[in-house]
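Note that the numbering runs from 1 along the sequence shown for the chain.
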Amino acid sequence: MKSNCIQTTICQERKKDPIEMFHSGQLVKVCAPMVRYSKLAFRTLVRKYSCDLCYTPMIVAADFVKSIKARDSEFTTNRGDCPLIVQFAANDARVLSDAARIVSPYANGIDINCGCPQRWAMAEGYGACLINKPELVRDMVTQVRNQVESPGFSVSIKIRIHDDLKRTVDLCRKAEAIGVSWITVHGRTVEERHQPVHYDSIKIIKENMSIPVIANGDIRSLKEAENVWQITGTDGVMVARGLLTNPAMFAGYEETPLKCIWDWVDIALELGTPYMCFHQHLMYMMEKITSRQEKRVFNALSSTSAIIDYLTDHYGI
């Protein structure tokens with residue numbers, strides 16, 4: 001969050017209130033928090049293709065509060081980057097509230113990561129271990145509410161489910177009672193990785209809540225998003241990998257259109273996206289439209305100019 005950009009990055013579109021979106025009766029299409037990937041350039045791209053709400057990658061709140069370097073590298077935004085939710089990994093209410101206060105002029109709200117199943121996160125007291133610590137979640141939400149005075153600033157949580165779904169429903173009810181704005185549910189347990197998503201569990205959670213609920217897990221097309229929305233009765237769907245491989249997914253495209261690839265090149269170069277990130281996104285986007293041999297050649301490219309030459313030669317763009 002570079003200081004010379006502060007005046008130009010304050011969110012200018014508060015009218016795009018996520019809560020109002022969730023109460024519209026329409027499917028709210030959400031870009032998930034993705035470490036390394038859901039940064040400003042990618043958020044800018046998916047917004048061009050019918051994405052309604054974007055999350056930043058997960059940011060460790062303690063590092064963000066302590067280090068100017070961490071703030072500069074982890075959080076960048078601009079006037080068009082709205083509505084925006086900043087997701088934090090946290091295990092301390094005071095630290096999280098300090099982080100929320102810092103980002104509050106530049107975002108519509110913050111999200112507490114209570115769903116990351118990675119061992120390092122859980123060892124630090126972050127992520128999915130928080131679904132078993134409702135008192136800590138309560139303290140963090142309360143502290144943020146006390147620290148950030150803006151009445152429209154949202155505080156949400158993203159969770160996984162328990163083996164015993166009653167515990168998850170109880171957690172969600174407690175979260176609603178303390179003022180959580182909405183809940184995103186990834187329909188797998190902490191131990192599950194590639195097993196089928198329990199959409200039936202998400203449906204039961206939604207039926208027990210008054211606040212909005214977002215469904216998350218294994219959604220790869222607009223048709224699938226609409227189907228999950230219908231069968232769960234939720235207020236929105238959140239997509240990660242599906243958007244990486246096809247950033248135009250929410251606009252109804254079955255695979256990444258060439259225009260979207262060129263839009264990515266323009267946006268990434270304009271915003272100064274690091275080469276590795278620029279290249280990696282293109283590898284994801286072109287997964288479905290390139291042969292194995294083409295992948296080998298494209299993945300071995302080592303410069304921006306080589307990538308542009310390749311795209312021009314092979315796709316006429």
Between atom CG of L53 and atom SG of C82, what is the distance when rounded to the nearest 0.5 Å? 10.5 Å
Are V185 and V155 co-members of a hydrophobic cluster defined by side-chain heavy atoms under 4.5 Å apart? yes
Rounded to the nearest 0.5 Å, how far apart are CZ of R145 and OG of S97? 13.0 Å
I110 and L96: side chain to side chain contact (heavy atoms under 4.5 Å, CB included), yes or no, with the steps? CA-CA 10 Å; I110 64 124; L96 177 65; 4.1 Å; yes
Treating Q195 as the side-chain partner and R193 as the backbone partner, does any N or O pair qualify as donor plus acceptor under 3.5 Å? yes
Let me know which of T234, D235, T232 forms a side-chain hydrogen bond (donor to acceptor under 3.5 Å, both in side chains) with K206. D235
Pair D263-Y49, side chain to side chain contact (heavy atoms under 4.5 Å, CB included): steps then yes or no: CA-CA 10 Å; D263 283 340; Y49 290 90; 2.6 Å; yes
Listing request: all side-chain hydrogen bond (donor to acceptor under 3.5 Å, both in side chains) pairs with a residue in residues 272-285, at least two apart in sequence or in separate chains. Y275-H279
What residues form a side-chain contact (heavy atoms from CB on, under 4.5 Å) with S24, not counting sequence neighbours? Q26
T290 vs K295, side chain to side chain donor-acceptor pair (under 3.5 Å): CA-CA, chis, key distance, verdict: CA-CA 6 Å; T290 50; K295 284 183 177 66; 3.2 Å; yes
One should read off an interatomic distance between Y253 OH and L222 CG, to the nearest 0.5 angstrom, of 12.0 Å
Measure from the side-chain N and O atoms of T256 to the backbone N and O of M285, and report whether any donor-acceptor pair falls under 3.5 Å. yes
Euclidean distance, M276 CE relative to R36 CZ, rounded to 0.5 Å: 9.5 Å
Only counting residues at least two apart or in another chain, list the ones meeting ring-ring contact (aromatic ring centres under 6.0 Å, His included) with Y310. F298, H314
Point-to-point distance, once rounded to the nearest 0.5 Å, from CD of E135 to CE of M140: 11.5 Å
Any donor-acceptor pair under 3.5 Å linking the side chain of E270 with the backbone of I267? no
Passes side chain to side chain contact (heavy atoms under 4.5 Å, CB included), I183 versus I214? Steps please. CA-CA 6 Å; I183 299 173; I214 302 173; over 6 Å; no
Applying side-chain hydrogen bond (donor to acceptor under 3.5 Å, both in side chains), which residue pairs with at least one partner in residues 111-125 are found, sequence neighbours left out? Q87-D111, Q87-N113, D111-S156, Q118-W120
So with a 6.0 Å cut-off around CD of E191, is the heavy-atom count from everything else above 12? yes
Main-chain N/O of F278 paired to W264 side chain as donor or acceptor, under 3.5 Å: yes
Tell me whether V297 is reachable from I261 by hopping between hydrophobic residues (I, L, V, M, F, W, Y) whose side-chain heavy atoms are closer than 4.5 Å. yes
Tell me whether M209 shares a hydrophobic cluster with M238, the cluster being built from Ile, Leu, Val, Met, Phe, Trp, Tyr side chains joined at under 4.5 Å. no
Considering residues at least two apart in sequence or located in another chain, which fulfil the ring-ring contact (aromatic ring centres under 6.0 Å, His included) criterion with F88? F64
Would you compute the distance between atom NZ of K39 and atom OG1 of T76 and round it to the nearest 0.5 angstrom? 7.5 Å
Using the salt bridge (Lys or Arg N to Asp or Glu O under 4.0 Å) rule, collect all pairs that involve residues 215-225, keeping only residues at least two apart or in two chains. R188-D218
For residues 159-172, dump all side-chain donor-acceptor pairs below 3.5 Å to protein atoms at least two apart in sequence or in another chain.
| unit_1 | atom_1 | unit_2 | atom_2 | d |
| --- | --- | --- | --- | --- |
| R160 | NE | G115 | O | 3.3 |
| R160 | NH1 | T189 | O | 2.8 |
| R160 | NH1 | E192 | O | 2.8 |
| H162 | ND1 | T168 | N | 3.3 |
| H162 | ND1 | T168 | OG1 | 2.8 |
| H162 | NE2 | I131 | O | 3.2 |
| H162 | NE2 | N132 | OD1 | 3.2 |
| D164 | OD1 | K166 | N | 3.1 |
| R167 | NH2 | N132 | OD1 | 2.8 |
| T168 | OG1 | H162 | N | 2.9 |
| D170 | OD2 | K174 | NZ | 3.2 |

Per the salt bridge (Lys or Arg N to Asp or Glu O under 4.0 Å) rule, what does the pair list look like for residues 243-256, sequence neighbours excluded? none
All pairs passing side-chain hydrogen bond (donor to acceptor under 3.5 Å, both in side chains) where residues 236-246 contributes a residue, at least two apart: R241-E287
Set of residues satisfying side-chain contact (heavy atoms from CB on, under 4.5 Å) with respect to R296, sequence neighbours excluded: R292, Q293
Keeping to residues at least two apart or across chains, list the salt bridge (Lys or Arg N to Asp or Glu O under 4.0 Å) pairs with something in residues 40-68. K29-D52, R43-D81, R47-D81
If a pair satisfies salt bridge (Lys or Arg N to Asp or Glu O under 4.0 Å) and one of its residues is in residues 85-102, list it, with sequence neighbours excluded. R94-D98
